[in-house]
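Computed from a prediction, not measured in an experiment: that's the story for all the values here.
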Amino acid sequence: MTDARVVEILAPYVSDERRARIEAVLGARLRGVSVLVEDVHEPHNAAAVLRTCEALGIGEVHVVESVETFRPADKVTQGAEKWLSLHRHANVKEAITALRAGGFVTAGAAPEADEELGALPVDQPIALVFGNEHRGLSAAARADLDRLFRIPQHGFTRSLNISVAVAVAAFDVCRRVRADLGAAGDLDESARLALRARFYRDSVSAADAILRREAR
């Protein structure tokens, strides 16, 4: 069944208020910014990353599970994962290869990097990469990333919690991407339609049963 047909069938079951909210989210969704996290240990950190990305309009998150299984805490995500596309990878090489195939420049957060967050380019798709809470970026990630960046810090603290680092970096990059675009989001109509169909499915109780009935 086509995305257009899914939307047509389910539209009567979606309230006007919900449709307006979905359209607002679609209009502000950024395909050109992604986040990759490597072997996140703490479930609350994993959940906070997802919740932050969804709130900022980032639609796709990549996770590496070479050492740690990505286990976001449900009470922290508040359902944010429902509206994201989560891509799981066995190792960081696989993840970076997938992002590059999608046209992304990969930039890893490292406290010792010479380049500051604000200098990262926003005129092409960019993936922000973050390492494990305790070990930081792996040697494999550092060897394969396109660039490294640091988040400027002006106190005695030399590092940030991963969920805070994701929030700070993603907010800055998303803000600058939107300013460069002159628009809130960057999805073309085909991508919007695909997500609209998905969001309608996730917003309507018994959506699959309704679609099966209408497909007969």
Side-chain angles (χ1 to χ4, degrees), residues 1-37 39-40 42-66 68-90 94-95 97-99 101-104 125 127 163 166-167 170 174 177-178 181 183-216:
M1 186 177 292
T2 67
D3 292 329
R5 182 59 176 149
V6 168
V7 170
E8 180 185 8
I9 291 170
L10 295 180
Y13 299 91
V14 182
S15 69
D16 291 344
E17 181 180 3
R18 188 61 174 176
R19 279 201 298 272
R21 181 60 181 162
I22 288 172
E23 292 308 311
V25 170
L26 292 174
R29 187 57 61 99
L30 292 172
R31 184 264 170 200
V33 181
S34 187
V35 164
L36 164 62
V37 290
D39 291 316
V40 177
E42 294 291 344
H44 70 273
N45 283 337
V49 167
L50 297 184
R51 189 168 172 180
T52 292
C53 288
E54 203 285 322
L56 292 176
I58 297 171
E60 297 197 357
V61 175
H62 293 253
V63 302
V64 172
E65 299 175 302
S66 59
E68 305 272 3
T69 300
F70 191 78
R71 298 173 291 109
D74 292 342
K75 289 184 178 180
V76 179
T77 61
Q78 295 289 300
E81 71 280 4
K82 183 177 181 179
W83 313 109
L84 293 167
S85 294
L86 186 64
H87 306 278
R88 296 176 183 267
H89 304 276
E94 175 187 300
T97 298
L99 284 162
F104 285 86
S163 63
V166 169
C174 287
V177 166
R178 290 185 169 106
L181 287 170
D186 63 4
L187 298 185
D188 59 26
E189 188 48 48
S190 176
R192 287 196 192 200
L193 179 58
L195 270 183
R196 186 179 294 117
R198 174 182 160 186
F199 291 167
Y200 275 31
R201 279 179 180 269
D202 289 338
S203 298
V204 175
S205 299
D208 289 342
I210 293 169
L211 293 170
R212 284 195 298 270
R213 184 178 67 239
E214 293 295 327
R216 292 174 185 168

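- When side chains are defined from C-beta on, Leu30 counts as touching Val177, because their heavy atoms get closer than 4.5 Å.
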- Message: Using side-chain contact (heavy atoms from CB on, under 4.5 Å), reason through Thr52 and Ser163 one step at a time and then give a plain yes or no.
- Response: CA-CA 8 Å; Thr52 292; Ser163 63; 6.0 Å; no
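- Checked by atom type and distance alone, the side chain of Arg178 pairs as donor or acceptor with a backbone atom of Ala184 at under 3.5 Å.
- Taken from CG in Asp202 to CH2 in Trp83, the straight-line distance is 5.0 Å, to the nearest 0.5 Å.
- By the 4.5 Å heavy-atom criterion applied to side chains, Phe70 and Leu86 are counted as neighbours.
- Heavy-atom neighbours of Glu17 CD from other residues, nucleotides or ligands within 6.0 Å: at or below the threshold of 12.
- Contact of the Glu94 side chain with the Thr97 side chain is not registered, since no non-hydrogen atoms from C-beta on lie closer than 4.5 Å.
- The line from CZ of Arg213 to CG of Asp208 is 12.0 Å long, rounded to the nearest 0.5 Å.
- Residues Phe199 and Leu26 meet the side-chain proximity criterion, which asks for heavy atoms closer than 4.5 Å.
- In terms of modelled atom types and a separation under 3.5 Å, the side chain of Asp186 and the main chain of Arg31 share a donor-acceptor contact.
- The backbone N or O of Glu60 sits less than 3.5 Å from a side-chain atom of Ser34, completing a donor-acceptor pair.
- A heavy-atom distance below 4.5 Å is not found between the side chains of Pro125 and Val33.
- The shortest heavy-atom contact between Ala127 and Leu99 is CB-CD1, 3.8 Å.
- At least one side-chain heavy atom of Val35 sits under 4.5 Å from a side-chain heavy atom of Val37.
- Distance check: Ser85 OG to Leu195 CG gives 6.5 Å after rounding to the nearest 0.5 Å.
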- Hey, mind stepping through Val63 and Val40 against side-chain contact (heavy atoms from CB on, under 4.5 Å) and telling me if it holds? CA-CA 8 Å; Val63 302; Val40 177; over 6 Å; no
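- When all heavy atoms are compared, the tightest approach of Leu56 to Ala170 is CD1-CB, 3.6 Å.
- No side-chain donor-acceptor contact under 3.5 Å links Glu65 and His89.
- Considering only residues two or more places apart in sequence or on other chains, Ala194 meets the side-chain contact (heavy atoms from CB on, under 4.5 Å) condition with Asp3.
- Between Val14 and Val204, the closest side-chain pair of non-hydrogen atoms falls below 4.5 Å.
- Summarising the geometry, atom CZ belonging to Arg192 is positioned 13.5 Å from atom CD1 belonging to Ile22; distances are rounded to the nearest 0.5 Å.
- Here CG of Asn45 is found 11.0 Å from CG of Leu50. Values are rounded to the nearest 0.5 Å.
- For the residue pair Ala95 and Val64, the shortest heavy atom distance occurs at CB-CG2, 3.8 Å.
- Minimum heavy-atom separation, Ile210 to Ser205: CD1-O, 4.0 Å.
- The OH atom of Tyr200 lies 9.0 Å from the CG atom of Leu10; values are rounded to the nearest 0.5 Å.
- Looking at Val61 and His87, their side chains never come closer than 4.5 Å, going by heavy atoms from C-beta outward.
- Pairs of residues two or more places apart, or lying in two chains, that qualify as salt bridge (charged side-chain N to carboxylate O under 4.0 Å, His left out) and include a residue from residues 18-30 are Asp16-Arg19, Glu23-Arg196, Arg29-Glu54.
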